[in-house]
Amino acid sequence: MSPIWLQEFWRLFMLMLSMGFIGLLFGQTLLFLLITTLSYIAWHLYNIYRLENWFLNNKLPESRGIWGEVFYQLYRRQQRHRKRKRRLSIILKRFKRSTAAMPDAAVVLNKKFQIEWFNKAAKKLLGLKAPQDRNKLITNLIRNPAFATYLKTIDDDKKGIKLVAPNKPEIMLNICVTPYAGNQYLLMANDISPLHRLEQSRRDFIANISHELRTPLTVIQGFIETMRDNEEIAMKQWQRPLLLMDQQSARMRNIIDDLLFLSRLECCETLENTHNKAVNVAEIITSIYEQAQLLSTEHNLTLEIDQNVTLNGDAKELRSAFSNLVFNAIRYTPAGGDIKMRWYQDAEGKHFAVHDTGDGIAPEHLPRITERFYRIDVGRSRDKGGTGLGLAIVKHVINHHDGKLRIESIVGKGSVFYCDFSR
Ligand code: ADP
């Protein structure tokens, strides 16, 4: 079928032709053509009037020809639009009902982090108020420097952040902000107070028990030492048991000290970072290097440091983390192997790296290697005086300094432990 406008064109052409012919019979061609043109325009104007009337009063007109087709097409479009609107409003209602029933807070933010929309739980957990808080900056309502820092890194940090709920110190929240639709962000916050309390009591338990065990152990160690110093006892068959008792109690003491250090690190992890002192890392690493040289004459130790690079942080924690990595390298590298320590800065930040040519770690162990008491070879670790807590301490200290622990390792060839600091 030919298009409507073409049909209309031919209709008009035939009309003009026949009216021109009739006009010719009456000797009034021009007059007849003029009357036909005016009637044609009047018919169009009348239909435009009916179209406007339809839009204003919602009364569907009926017509023939081109206008009949226009009215029909518009009517179909209107029906389709109505159906879509009805469907969308059902979806919207369902969405509103489900977000209202959701126990987690959901907040939609624009690219400037201004609030565009939030659900019922956001009112309860984050203390948001409608409509006053719409268009306000989220950082004005969640006033926490750690949250402001987190917002700056959300594009590369997929993890959430743990925060105390605004004006509700008893509620602990896990907040996660995800970019979506190109220029918006979705903030989700869930109440993790029960889990947090559980973690807290676990931490307290470990800290308390370690503390309680330390005193009796000190007494036992004291007696063992006295007995070993007593020539009369030491000379007899007790010599070896006393030596073993001394070694084992020293091992227990090391484990307890590491556990206490770990629980101190954990308790401060959620608090605002208070490390603002510049630490002379080069000095710390040099002293660890000297200690390592005394401890191991069988390894080839090298040091490569940039004296000018400092780091803001806690000197004691950093010393502990770095020495754990260096002493691990000594422990797990056979005699004659190479161990290299590096402290340097590049475009990505500051780095401490320990390279060794030791046993290496198989890829399946890497995801769990920083867990407490996770060892690849328990017997070997014990023989070498390891507590199984070294890498857990390293990870916590590095996290505490907003850094990341990166491990590259090939079994049989060696490992590189990197501490990457971005600030
Ligand atoms: P440990 O006190 O047993 O050394 P860590 O937490 O320091 O405990 O290390 C966990 C395990 O990771 C170790 O038992 C060892 O198997 C492995 N490991 C750590 N450092 C190295 C290394 N440089 N080379 C090979 N394996 C390592």
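Both counts, for ligands and for their atoms, begin at 1 and track the order of listing.
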Distance alone, cut at 3.5 Å: any donor-acceptor contact between the side chains of Asp346 and His351?
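Side chains of Asp346 and His351: pair found under 3.5 Å.
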Would you please say whether a donor-acceptor pair under 3.5 Å links the side chains of Thr387 and Asn254?
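Checked: Thr387/Asn254 side chains show no N/O donor-acceptor pair below 3.5 Å.
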Basic-acidic side-chain contact under 4.0 Å: Arg406, Asp420
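Counted as a salt bridge, because a side-chain N and a carboxylate O are separated by less than 4.0 Å.
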Any nitrogen or oxygen of Ile361 lying under 3.5 Å from a nitrogen or oxygen in ligand 1? Just yes or no.
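No - when backbone and side-chain N and O of Ile361 are compared with those of ligand 1, no distance drops under 3.5 Å.
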Based purely on interatomic distance, does Gly360 place a nitrogen or oxygen under 3.5 Å from a nitrogen or oxygen of ligand 1?
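For ligand 1, there is no N or O atom that lies under 3.5 Å from one belonging to Gly360.
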Residue and atom name of the nearest protein heavy atom (relative to [atom]), distance in Å to one decimal:
atom                    : answer
atom 5 (P) of ligand 1  : Leu391 N, 3.6 Å
atom 3 (O) of ligand 1  : Ser381 OG, 2.5 Å
atom 7 (O) of ligand 1  : Asn328 ND2, 2.8 Å
atom 14 (O) of ligand 1 : Arg375 CG, 3.1 Å
atom 15 (C) of ligand 1 : Tyr332 CZ, 3.5 Å
atom 17 (C) of ligand 1 : Ile369 CD1, 3.8 Å

Quick one: does Asn53's side chain have a donor or acceptor within less than 3.5 Å of a partner on Tyr49's backbone?
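No; zero donor-acceptor contacts below 3.5 Å.
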Donor-acceptor contact below 3.5 Å, side chain Asp359 vs main chain Lys413
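No, the answer is negative, given that no donor and acceptor are paired below the 3.5 Å cut-off.
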Could you work out, with ring pair (Phe, Tyr, Trp, His ring centres under 6.0 Å) as the rule, every residue matching Phe223, not counting sequence neighbours?
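Per chain and number, Phe223 pairs via ring pair (Phe, Tyr, Trp, His ring centres under 6.0 Å) with no residue.
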Answer side chain, backbone, both or neither: which part of [X] comes under 4.0 Å from ligand 1, heavy atoms only.
X      : result
Arg331 : side chain
Asp356 : side chain
Tyr374 : backbone

Strictly by salt bridge (Lys or Arg N to Asp or Glu O under 4.0 Å), give each pair with a member in residues 291-305 just once, sequence neighbours left out.
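Only Glu304-Lys340, Glu304-Arg342 qualify under salt bridge (Lys or Arg N to Asp or Glu O under 4.0 Å).
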